[in-house]
Amino acid sequence: MSQFLGFIHHMMYGKIQRQEALTKELCKQAKEFGWTDSLVEQLDETCGIPKEGNLEEIIDLGNIHGWLQAQVNLVETRFAKAVCMLTKENENRLEKIKEVCRTVGKNTACEMPRDSSVKELFDSLGQFLLDGMPCDGGVDIHNAEEDEILWSVDGFVHVPYWEKEGMSSETFFNLRDAWLQGFFEDRDVDYERIGESTFRIKEK
């Protein structure tokens, strides 16, 4: 990545912010569910706090790639730890957490025009979902047609954060699946999860 701020850097920062927004929504819902009042504070203390503000003012211009990578690591860790802390007390909470992810996915889809094509919807995922840095190649497209797209997400860019918390890749991909279900719910698209980390959308 260039050492000059460009579109790709702003896009990455936007995805980092969206990932942290998902974690904040989970913390908010955990409080409303009566699970805990202090999840945000616990994450801040154990993980650190993501940078917020105008990217040009907060990023290290001498180490743009390293700064963004550190923020990716931080927000990925916060989400994994939040899920771990909540389910450690009661693993049945995972179903509620899936619903939170599904709702966030559905709300995110509202940013896309109602008549968006399969390709446009898929391309938008690259602006919304954090799958590592661009150089990580976190998404592998197996088939890309006008009316059908099949892709996989490389677990390597996500799973280490979850394994560090003693959780499996299955938990992460179940939550990603829930988000995608919500995103495609009200669209003229058939969405299907194939295997743990492979997904398909097809025009109805």
Side-chain angles (χ1 to χ4, degrees), residues 1-30 38-86 97 100-101 104-105 107-109 111-112 121-141 151-169 171-173 175-176 178-180 183 197 199:
M1 294 174 74
S2 167
Q3 291 305 295
F4 300 94
L5 286 183
F7 170 78
I8 189 67
H9 305 118
H10 286 279
M11 184 180 74
M12 279 301 303
Y13 182 53
K15 294 198 288 186
I16 289 167
Q17 290 178 303
R18 286 181 181 276
Q19 179 62 55
E20 178 60 16
L22 174 59
T23 301
K24 287 182 176 178
E25 180 62 21
L26 177 57
C27 293
K28 175 185 174 183
Q29 294 302 318
S38 60
L39 186 54
V40 172
E41 291 76 13
Q42 293 178 66
L43 295 177
D44 291 349
E45 182 177 346
T46 58
C47 304
I49 305 172
K51 297 289 186 180
E52 295 183 353
N54 189 313
L55 184 59
E56 287 83 356
E57 298 174 355
I58 61 176
I59 196 170
D60 179 358
L61 291 173
N63 184 23
I64 292 175
H65 185 280
W67 188 92
L68 287 169
Q69 182 66 70
Q71 293 299 298
V72 169
N73 294 344
L74 178 54
V75 297
E76 287 270 22
T77 297
R78 284 171 65 89
F79 183 55
K81 185 173 287 291
V83 174
C84 176
M85 293 172 71
L86 292 174
I97 296 173
V100 172
C101 291
V104 171
N107 291 340
T108 302
E111 300 179 32
M112 295 296 294
L121 288 170
F122 175 76
D123 289 345
S124 72
L125 294 180
Q127 300 176 36
F128 299 139
L129 293 174
L130 183 61
D131 287 310
M133 298 285 278
C135 54
D136 292 331
V139 175
D140 185 14
I141 301 173
W151 77 98
S152 294
V153 175
D154 188 345
F156 177 76
V157 301
H158 296 287
V159 174
Y161 302 104
W162 296 78
E163 291 182 338
K164 186 176 180 180
E165 301 301 327
M167 305 186 76
S168 69
S169 60
T171 301
F172 166 76
F173 283 114
L175 297 179
R176 169 59 63 91
W179 191 99
L180 290 169
F183 186 80
S197 60
F199 312 91

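Note that the structure is a prediction, hence the values are computed from the model and not measured.
Contact between L130 and E76 at its shortest, heavy atoms only, is O-OE2, 3.9 Å. The two atoms that bring V75 and P50 nearest to each other are CG1-CG, 4.0 Å, heavy atoms only. The two residues G48 and L74 make their nearest non-hydrogen contact at O-CD1, 3.8 Å. Nearest heavy atom pair, residue P134 against residue M12, reads CD-SD, 3.6 Å. Taking both residues in full, the closest heavy atoms of A109 and F183 are given as CB-O, 3.1 Å, listed atom of the first, atom of the second, then distance. Heavy-atom minimum distance, G126 versus M11: O-SD, 4.1 Å.
For W67, there are no ring-ring contact (aromatic ring centres under 6.0 Å, His included) partners two or more places apart in sequence or in a different chain. A search for ring-ring contact (aromatic ring centres under 6.0 Å, His included) contacts involving Y13 returns nothing, not counting sequence neighbours. Looking at residues two or more places apart in sequence or on another chain, you find a side chain to side chain contact (heavy atoms under 4.5 Å, CB included) between K81 and L43, T46, C47, M85, E165. Under the side chain to side chain contact (heavy atoms under 4.5 Å, CB included) criterion, E56 pairs with L5, H10, N54, sequence neighbours left out. Applying the side-chain hydrogen bond (donor to acceptor under 3.5 Å, both in side chains) test to Q127 and every residue at least two apart in sequence or in another chain returns nothing.
Here CG of N63 is found 9.0 Å from CG of L68. Values are rounded to the nearest 0.5 Å. Annotation: the span from I97 atom CD1 to E25 atom CD amounts to 12.5 Å, rounded to 0.5 Å. Summarising the geometry, atom CD1 belonging to I64 is positioned 5.0 Å from atom CD1 belonging to I59; distances are rounded to the nearest 0.5 Å. The structure places CZ of F173 at 11.0 Å from CG of L180, a figure rounded to the nearest 0.5 Å. Considering CD of E20 and SG of C27, their distance stands at 7.5 Å, rounded to 0.5 Å. Rounding to the nearest 0.5 Å gives a distance of 9.5 Å between CD of Q71 and CD of E52.
Looking only at distances, no side-chain donor or acceptor of D136 sits under 3.5 Å from a matching main-chain atom of G138.
Counting only heavy atoms from C-beta outward, the side chains of L86 and L26 approach each other to under 4.5 Å. Counting heavy atoms from C-beta outward, L129 and R176 have side chains that approach closer than 4.5 Å.
Exactly one of W162, W179, Y161 qualifies for a ring pair (Phe, Tyr, Trp, His ring centres under 6.0 Å) with F79. That residue is W162.
Screening residues 8-18 for salt bridge (Lys or Arg N to Asp or Glu O under 4.0 Å), with sequence neighbours left out, gives R18-E111.
By the 4.0 Å N-to-carboxylate-O rule, D60 lies too far from K51 to be salt-bridged with it.
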